[in-house]
Amino acid sequence: MIYLIDTYTWEEVQKHTKSGDQWIVVERKVYNVSQWVKRHPGGLRIIGHYAGEDATEAFTAFHPDLPLVRKYMKPLLIGELEASEPSQDRQKNAALVEDFRALRERLEAEGCFKTQPLFFLLHLGHILLLEVIALMLVWYFGTGWINTAIVAVLMATAQSQAGWLQHDFGHLSVCKSSRWNHLVHKFVIGHLKGASAGWWNHRHFQHHAKPNVFKKDPDVNMLNMFVVGKVQPVEYGVKKVKHLPYNHQHKYFFFVGPPLLIPVFFQFQIFHNMVSHGLWVDLVWCISYYVRYFLCYTQFYGLFWAVILFNFVRFMESHWFVWVTQMSHIPMNIDYEKHQDWLSMQLVATCNIEQSAFNDWFSGHLNFQIEHHLFPTMPRHNYWRAAPHVRALCDKYGVKYQEKTLYGAFADIIRYNTHLKSHGFTFKKSFCSELFLYNMKQH
């Protein structure tokens, strides 16, 4: 029996981009994911970000077990691209896309996607050791100010390192089985950190799918507290949007961004997300963290000072998290959707920090942010092996591959947030040209 397969043009596919009517293309096959998005383990928005597009590279990047995922996608298949249609949409460089696919196959053959279990066991062990040492210091030396400060530093270090570890399991880069990755992820982010795996997945995968893209990457959704990139300040100026004095954000950024992101914004968002979306398993894991913490520390500090200590630890962890995660993204290009190929999109929004034993540990190997974004399921201890190959591919196609020192990366964040200090002067010199370019883009 011969089955006739419907065929579509890119023009037809690109008509289905709205909520409730979304098609994607994977390996030239056309899928109607309109209803599936609600059940997608990675969240509904990440698929919506690729509606009307070729999602092959993202599909390959996020799923370690491709045959299993293809099985689940069979009921969603509605046809294929017409034979005359290119495999890539919107004039993407087919040669670059093909070479990147070949690079991934080469890295897989070289074992770069294989995990070293001992690495992650030792990493978990040093987190637990830091937690035990902190508690023992309070037990032996009491609650004096100096000892408490040392305890807080140890606890903040443990929390930050646990953050990098949950990141590994969340990206399915540790265990062979996705099920075990998900289970251990819930333990690490829930019991060791007091956060939600579901909340993290929904937020973080969007960031990876469309880094530094307005309305798609939640990490550049600043809730009108800051303006970022080169486009948004001009857009806000044209529309006369001024929720806050953005020309002074270089002053309030250091009092609002790094210190309050985790203890205030994330803390509220996590609990709101768990309750509103019925993530009750995540909530139980999260509560287990708070029960453990307060059972351990209220007996020494009492409830009030245990709460103060908790928030001080979160305050320090928040600084660590913001500086590490933003040093590779915020100083880079931030713009609206440009429909670039996977390699070009990730490289324009991401940079690396030079390798050293300290930088690897301090950043959870996110100093290799480029390799991590290109291959999110690759175990982080193998990023250094992939880096020379990625750099060579970038050189071949003229894609800029940026690497900075740790000091230079931190300095770039400061320069980035202080450039608006002279924004009034900048607008006097270039506002007319920027306004002209902005209006041309709208038309």
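When reading the values below, keep in mind they use all heavy atoms of this one structure, side chains included, and skip hydrogens, waters and symmetry mates.
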A.B. asks: Can you classify the ring geometry of His372 versus His167 as parallel (below 30°), tilted (30 to 60°) or perpendicular (above 60°)?
C.D. replies: tilted
A.B. asks: Quick one: are the ring centres of His40 and His202 less than 6.0 Å apart?
C.D. replies: no
A.B. asks: How are the rings of Phe120 and His381 set relative to one another: parallel (under 30°), tilted (30 to 60°) or perpendicular (over 60°)?
C.D. replies: tilted
A.B. asks: Does the side chain of Tyr397 come under 3.5 Å of the side chain of Asp99 through a donor N or O and an acceptor N or O?
C.D. replies: yes
A.B. asks: Charged N to carboxylate O under 4.0 angstrom, Arg70 versus Glu27?
C.D. replies: yes
A.B. asks: Compare all side-chain heavy atoms of Leu96 with those of Asp341 and state whether any distance is below 4.5 angstrom.
C.D. replies: yes
A.B. asks: How are the rings of Phe410 and Trp323 set to each other: parallel, tilted or perpendicular (split at 30° and 60°)?
C.D. replies: perpendicular
A.B. asks: So, do Phe368 and Phe375 have ring centers that fall under 6.0 Å from each other?
C.D. replies: no
A.B. asks: Any chance the rings of Phe119 and His365 have centres within less than 6.0 Å?
C.D. replies: yes
A.B. asks: Looking only at heavy atoms, what is the nearest atom pair of Pro376 and His171, with distance?
C.D. replies: O-CB, 3.3 Å
A.B. asks: Assess the pair Trp200 and Phe205: is the distance between their ring centroids shorter than 6.0 Å?
C.D. replies: yes
A.B. asks: Verify the distance criterion only: is there a donor paired with an acceptor across the side chains of Tyr401 and Asn352 at less than 3.5 Å?
C.D. replies: yes
A.B. asks: Just checking Trp280: does its CH2 atom have more than 12 heavy atoms from other residues, nucleotides or ligands closer to it than 6.0 angstrom?
C.D. replies: yes
A.B. asks: Does Gln346 form a side-chain contact (heavy atoms from CB on, under 4.5 Å) with Leu343? I'd like the steps, not just the answer.
C.D. replies: CA-CA 5 Å; Gln346 301 295 347; Leu343 178 76; over 6 Å; no
A.B. asks: What donor-acceptor contacts under 3.5 angstrom involve side-chain atoms of residues 46-54, with partners at least two apart or in another chain?
C.D. replies:
| from | atom 1 | to | atom 2 | distance (Å) |
| --- | --- | --- | --- | --- |
| His49 | ND1 | Arg45 | O | 3.3 |
| His49 | NE2 | Gln206 | OE1 | 2.9 |
| His49 | NE2 | Lys216 | O | 3.1 |
| Tyr50 | OH | Ala209 | O | 2.9 |
| Glu53 | OE1 | Lys210 | NZ | 3.2 |
| Glu53 | OE2 | His339 | ND1 | 3.1 |
| Asp54 | OD1 | Thr56 | N | 3.3 |
| Asp54 | OD1 | Thr56 | OG1 | 2.6 |

A.B. asks: Determine the minimum heavy-atom distance between Ser196 and Ile189, stating which atoms define it.
C.D. replies: O-CD1, 3.6 Å
A.B. asks: For residues 301-326, which residue pairs pass the salt bridge (charged side-chain N to carboxylate O under 4.0 Å, His left out) check, not counting sequence neighbours?
C.D. replies: Lys193-Glu317, Arg314-Glu317
A.B. asks: Which residue pairs satisfy the salt bridge (charged side-chain N to carboxylate O under 4.0 Å, His left out) criterion with at least one member in residues 361-385, sequence neighbours excluded?
C.D. replies: Asp168-Arg380
A.B. asks: Sorted by first residue and then second, give each salt bridge (charged side-chain N to carboxylate O under 4.0 Å, His left out) pair with at least one member in residues 255-283; sequence neighbours left out.
C.D. replies: Lys186-Asp282
A.B. asks: Please tell me whether His207 and His204 form a close aromatic pair, meaning their ring centres lie under 6.0 Å apart.
C.D. replies: yes
A.B. asks: For Gln159 and Met316: C-alpha separation, side-chain torsions, deciding distance, then whether side-chain contact (heavy atoms from CB on, under 4.5 Å) applies.
C.D. replies: CA-CA 10 Å; Gln159 285 295 296; Met316 289 192 291; over 6 Å; no
A.B. asks: For Ser318 and Ile262, which heavy atoms make the closest approach, and how far apart are they?
C.D. replies: OG-N, 3.1 Å
A.B. asks: Can you tell me which residue pairs pass the side chain to side chain donor-acceptor pair (under 3.5 Å) test with a partner in residues 261-270, sequence neighbours excluded?
C.D. replies: Trp199-Gln269, Arg203-Gln269, Gln267-Tyr290
A.B. asks: Side chain to side chain donor-acceptor pair (under 3.5 Å): which pairs involve residues 294-307, sequence neighbours left out?
C.D. replies: Thr148-Tyr301
